[in-house]
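Have a look at the structure below, then the notes.
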Amino acid sequence: MQYQSQSVAKLYFVAAIALFVAQILFGLIMGLQYVMGDFLFPEIPFNVARMVHTNALIVWLLMGFMGAAYYMIPEEAETELHSPGLAVALFWIFLAAAGATVLAYLTINYADLAKLTGNDMLPTMGREFLEQPTITKIGIVVVALGFLFNIGMTVLKGRKTTINLVMLIGLVGLAVFFLFSFYNPSNLVLDKYFWWWTVHLWVEGVWELILGSILAYVLIKTTGVDREVIEKWLYIIIAMTLITGILGTGHHYYWIGAPEYWQVLGSVFSAMEPIPFFMMTLFAFNMVNQRRREHPNKAAVLWALGTGVMAFLGAGVWGFLHTLAPVNYYTHGSQITAAHGHMAFYGAYVMVVLTIISYAMPLMRGRAGANSNKAQVVEMWSFWLMTVSIVFITLFLTGAGILQVWLQRYSESPLPFMVVQEKIALFYWLREITGLVFLAGLVLYIMSFFIKGDEKAA
Amino acid sequence: MSGAFTKSTARNIFYGGSVFFFLLFVVLTFDTMKTLPERDHRENINEQVILGKKVWEDHNCIGCHTLMGEGAYFAPELANVYDRFGQSKEAIVAFIKSRPAEGVPGRRSMPQFNMSDEELEAVAEFLKWTSEINDANWPPNIQG
């Protein structure tokens, strides 16, 4: 760590990991509710557990991205952060808002929360992933603006690298497309159409720029490969991301009332969305193969390689599986969608945040080059436990999804939803058990931080 | 990735490609907006449908159900529930009203939301309107 102010990232990373734990615990609650329908009912109904599960994920990934930016940008710009104080203040505001929101989900009836927070004045609640009260959303915008100002000023006064530029474009895009969450027309079709401008243009658009720049940064640091080479890869990857991903939004417009030409456009462009993810895999492996140094942080390199592979499998392959309109006609909104969602979010975004945490945390904690070998071994065990678990969770949900599609939508005598749910319960049990293995991996991951000692810098 | 293909070529493809496809997306969005009125039957969005959507949102229905395939996968699809319940708003109202507050032992159950009669009527009207959107014949059958 070359600049003192980079260390503000530590706060963000610690909070991210804490929210990660909350996300997984509520995931396990939901998984159990799938097979024991009355579990925690009516205290924590499924929809509440799901809000906590998905919103905690979104917030901790945002915390991870912000931490990554606070760590990377000063070093890339070769200057101290514009205002470390602002970064710390915004952290506490963000954490307090997120904590209060989750607490409110769990303790206040959602309809009462809507009333209490004045949802009637500017109704934005009650839409998937955007369930937060309007005041929380405004808080997110304020935090995002302060954050962009802080890192923007840092980039302006310092060296302008491709990594900083791409990161900044990604983060500005993140803030801009979030503004669509405030548009909630009473016409459901319009609501859905522009809801995707936040959700799709985030995860299959600007977030991939952030992902790419974090990956490129860690690869420069750990492999010592020439910056020119890495930055060229980065540009071509994110070019393919936006060239395929923007019109790829069309794969969400097949069945929500939009005109039929979206079935063609969405199929063609989203079928190409795996390309940038495949390039990410090639990129990570090529750079590690061409490495000019042996970085002592083996765990960080493992996470970086894992991101490439799992993002391609989860977002690329599992996305392609059901993206073509004739296939999607049968799979839309089934457990196949859930399977894809789990591996894509883990493979792309969870893993890239864990990559930068793995690289940066030891340095911020004053360890010479990396954690001790013992700590890294534990961390690598957690990598394999969590990654293999998510692969099996995805496979079990895919199995459930294929059966669901067959029984409920494809066979000659389609069965009602709940009848089908009972027939495929075995897969939900297997998913839940695998979820417990994932939790064990997460516990091990956290334990790895408490193993002392360090490895010398290479 | 060598030779004539330089970093600035890659950068130009990124900027040029992104701007071009985003503008194309905006143009297609304008075209979609022009065609939507015939597909979403917005002339039928009355006060009740508007209130119904708000009731739908205020109770976070999307946290368990899908609506036109989007949402959670824990409970049945509702964009065609009006048709599945024999085109009866009364059946929808009766179902929501009759949910036991303490749930059903061992099974998934919808919470008892204690909605007013006005809210119940509105949410049923909203689901009726939703069922009439031209959504390219999705879902494949009445089971959703």
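Order of the sequence lines fixes the chain letters, A, B, ..., with proteins taken first and strands second; residue numbering starts at 1 for each chain. Note: hydrogens, waters and symmetry copies are ignored here, and every other heavy atom, side chains too, is used.
- For A/Q335, the part lying near chain B is the side chain, with the backbone staying farther off; criterion is any non-hydrogen pair under 4.5 Å.
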Dump the intermediate steps for side-chain contact (heavy atoms from CB on, under 4.5 Å) on A/F46 and B/M110, then the final yes or no.
-> CA-CA 9 Å; A/F46 181 86; B/M110 188 161 127; over 6 Å; no

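- In this structure, B/P76 and B/H65 have side chains that are in contact, with non-hydrogen atoms separated by less than 4.5 Å.
- Residue A/D191 touches chain B through its side chain alone, counting heavy-atom pairs closer than 4.5 Å.
- For a residue to count as touching a neighbouring chain, one of its non-hydrogen atoms must lie under 4.5 Å from one of that chain's; by this rule B/F20 does not touch chain A.
- Contact annotation for A/E131: only side-chain heavy atoms (C-beta onward) come within less than 4.5 Å of a heavy atom of chain B.
- If you measure heavy-atom distances from A/L201 to chain B, the contacts under 4.5 Å come from the side chain alone.
- Side-chain contact between B/T130 and B/Y82: absent, with no pair of heavy atoms (C-beta onward) separated by less than 4.5 Å.
- Of the two parts of A/L113, neither the backbone nor the side chain holds a non-hydrogen atom closer than 4.5 Å to a non-hydrogen atom of chain B.
- Two residues are said to be in side-chain contact when any heavy atoms from C-beta on lie closer than 4.5 Å; A/R127 and B/I62 fail this criterion.
- Two residues are said to be in side-chain contact when any heavy atoms from C-beta on lie closer than 4.5 Å; B/S131 and B/N80 fail this criterion.
- Note: B/P111 leads B/G103, B/P111, B/P139, B/A79 in heavy-atom pairs under 4.5 Å with chain A.
- Heavy atoms closer than 4.5 Å to chain B are found nowhere in A/L407, neither backbone nor side chain.
- Aromatic ring orientation, B/F25 versus A/Y253: parallel (interplanar angle below 30°, classes split at 30° and 60°).
- For A/I237, no part sits under 4.5 Å from any heavy atom of chain B, backbone or side chain.
- Residues of residues 239-248 of chain A having a heavy atom under 4.5 Å from any heavy atom of chain B, listed by number: A/A239, A/L242, A/I243, A/I246, A/L247.
- Within the 4.5 angstrom heavy-atom criterion, only side-chain atoms of A/M51, from C-beta onward, approach chain B.
- A/R409 touches chain B through backbone and side chain together, each having a heavy atom under 4.5 Å away.
- Of the atoms belonging to A/F269, it is side-chain heavy atoms, and not backbone ones, that fall under 4.5 Å from chain B.
- For residues 7-17 of chain B, the interface with chain A (any heavy-atom pair closer than 4.5 Å) comprises B/K7, B/A10, B/R11, B/I13, B/F14, B/Y15, B/G17, sorted by residue number.
- The number of heavy atoms from other shown groups lying within 6.0 Å of CD (A/E260) is above 12.
- Only the side chain of A/L165 comes within contact range of chain B, with heavy atoms under 4.5 Å apart.
- Looking at A/P133, neither its backbone nor its side chain comes within 4.5 Å of chain B, counting heavy atoms on both sides.
- Ring geometry for A/W196 against A/H200 counts as perpendicular: the plane angle is over 60°, on a 0 to 90° scale with 30° as the lower cut.
- The pair A/K232-A/E228 does not meet the salt-bridge criterion, since no charged nitrogen lies less than 4.0 angstrom from a carboxylate oxygen.
- For A/P42, the part lying under 4.5 angstrom from a heavy atom of chain B is the side chain only.
- Proximity to chain B (any heavy atom under 4.5 Å) is shown, for A/Q404, by neither the backbone nor the side chain.
- Using bins of under 30°, 30° to 60° and over 60° for the plane-to-plane angle, the ring pair A/W197/A/Y193 lands in the tilted bin.
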